[in-house]
Amino acid sequence: AGVGTRFPFHATSLGKAVAAYLPEGERAELLDGAPFQRFTERTVTDSAAMAERLGLIATRGYDSALDELDYGIVSVAVPIFGQGKRVIASINCSTSTTRISQDELVRTRLPLLRQAAGEIEASLKRWPALEASLRP
């Protein structure tokens, strides 16, 4: 995937890390209107199952996906919060399952992602115009 590539939220750790922290009404609208296309046998395609998954993500503070968008891809993502503790983005680390297991990826990359997200959030607080530039 290159810069500007878009994938459905339900098949990526990045998308779910954002969706889990949307205000309740926006999250419900997203779940009600999403087509939930199946990409692999591991893609969550049911809105109730996705709602449960998003609840788990919100509780633990990250998402990890394995073979959900395509076989052989593993990732871990954390949300980035802006003013008012509203989720505005997410960051992730992804690679091939031939390089690392899902458990190892989460264990080794999650602390680094959380640190990076904290640094980004601190920068957004310091320079509010940066957050404003992220809005469509």
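The figures that follow rest on heavy atoms only: side chains count, while hydrogens, waters and symmetry mates do not. Source: prediction; values computed, not measured.
- Residues forming a salt bridge (charged side-chain N to carboxylate O under 4.0 Å, His left out) with Arg114 (at least two apart in sequence, or on another chain): none.
- In the hydrophobic cluster analysis, where Ile, Leu, Val, Met, Phe, Trp and Tyr join through side-chain heavy atoms closer than 4.5 angstrom, Met50 is grouped together with Val87.
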Item checked: salt bridge (Lys or Arg N to Asp or Glu O under 4.0 Å) assessment of Glu26 paired with Arg86 -> CA-CA 12 Å; Glu26 288 180 41; Arg86 181 170 172 90; 3.0 Å; yes

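- With sequence neighbours left out, Tyr21 forms a ring pair (Phe, Tyr, Trp, His ring centres under 6.0 Å) with Phe81.
- Counted by atom type alone, Thr43 and Glu68 present zero donor-acceptor pairs between their side chains at under 3.5 Å.
- Across Thr12 and Phe7, no two heavy atoms sit closer than the pair CG2-CB, 3.8 Å.
- Inter-residue side-chain proximity for Phe9 and Leu30 is flagged as met; some heavy-atom pair is nearer than 4.5 Å.
- Every side-chain hydrogen bond (donor to acceptor under 3.5 Å, both in side chains) that Arg38 has, sequence neighbours left out, goes to Thr45.
- Looking only at distances, a side-chain donor or acceptor of His10 sits under 3.5 Å from a matching main-chain atom of Gln37.
- By the salt bridge (charged side-chain N to carboxylate O under 4.0 Å, His left out) test, Glu104 is found to be paired with Arg107, residues two or more places apart in sequence or in another chain being considered.
- If you chain together hydrophobic residues whose side chains sit under 4.5 Å apart, Leu14 and Val78 never meet in one group.
- Within a 6.0 Å sphere centred on CZ of Arg6, other residues, nucleotides and ligands contribute 12 heavy atoms or fewer.
- Among Thr40, Leu66, Thr97, the one residue that satisfies the side-chain contact (heavy atoms from CB on, under 4.5 Å) test with Tyr71 is Thr40.
- Under the 4.5 Å side-chain heavy-atom criterion for ILVMFWY residues, a single connected hydrophobic cluster contains both Leu130 and Ile91.
- Between the side chain of Gln83 and the main chain of Lys125, no donor-acceptor pair closer than 3.5 Å is present.
- Across all their heavy atoms, Val76 and Leu105 have their closest contact at N-CD2, 3.8 Å.
- Atom CZ of Arg99 and atom OG of Ser94 lie 10.5 Å apart (nearest 0.5 Å).
- A search for side chain to side chain contact (heavy atoms under 4.5 Å, CB included) contacts involving Ser13 returns Asp63, Ala65, Ser75, Ala77, Asn92, not counting sequence neighbours.
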Margin query: Evaluate Leu124 against Ile80 for side-chain contact (heavy atoms from CB on, under 4.5 Å), listing each step before the verdict.
Written below: CA-CA 10 Å; Leu124 292 172; Ile80 295 174; 4.2 Å; yes

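- Judged as a salt bridge (charged side-chain N to carboxylate O under 4.0 Å, His left out), and not counting sequence neighbours, Glu119 has no contacts.
- Contact check for Ser96 versus Val74: no side-chain heavy atoms found under the 4.5 Å cut-off.
- In terms of heavy atoms, Ala11 sits closest to Lys16 at C-NZ, 4.2 Å.
- Note on Ile88 and Ile120: same hydrophobic cluster, where clusters join Ile, Leu, Val, Met, Phe, Trp and Tyr whose side-chain heavy atoms are under 4.5 Å apart, directly or indirectly.
- Closest of all the heavy-atom pairs between Ala51 and Leu31 is CB-CD1, 3.7 Å.
- Of all the heavy atoms in Arg109 and Cys93, the pair that sits closest is CG-SG, 3.7 Å.
- Within the 4.5 Å cutoff, the side chain of Val106 has heavy atoms near those of the Tyr62 side chain.
- Ser90 contributes no side-chain N or O that, together with a main-chain N or O of Pro79, makes up a donor-acceptor pair within less than 3.5 Å.
- Arg27 places a side-chain N or O within donor-acceptor distance of the main-chain N or O of Leu22, the cut-off being under 3.5 Å.
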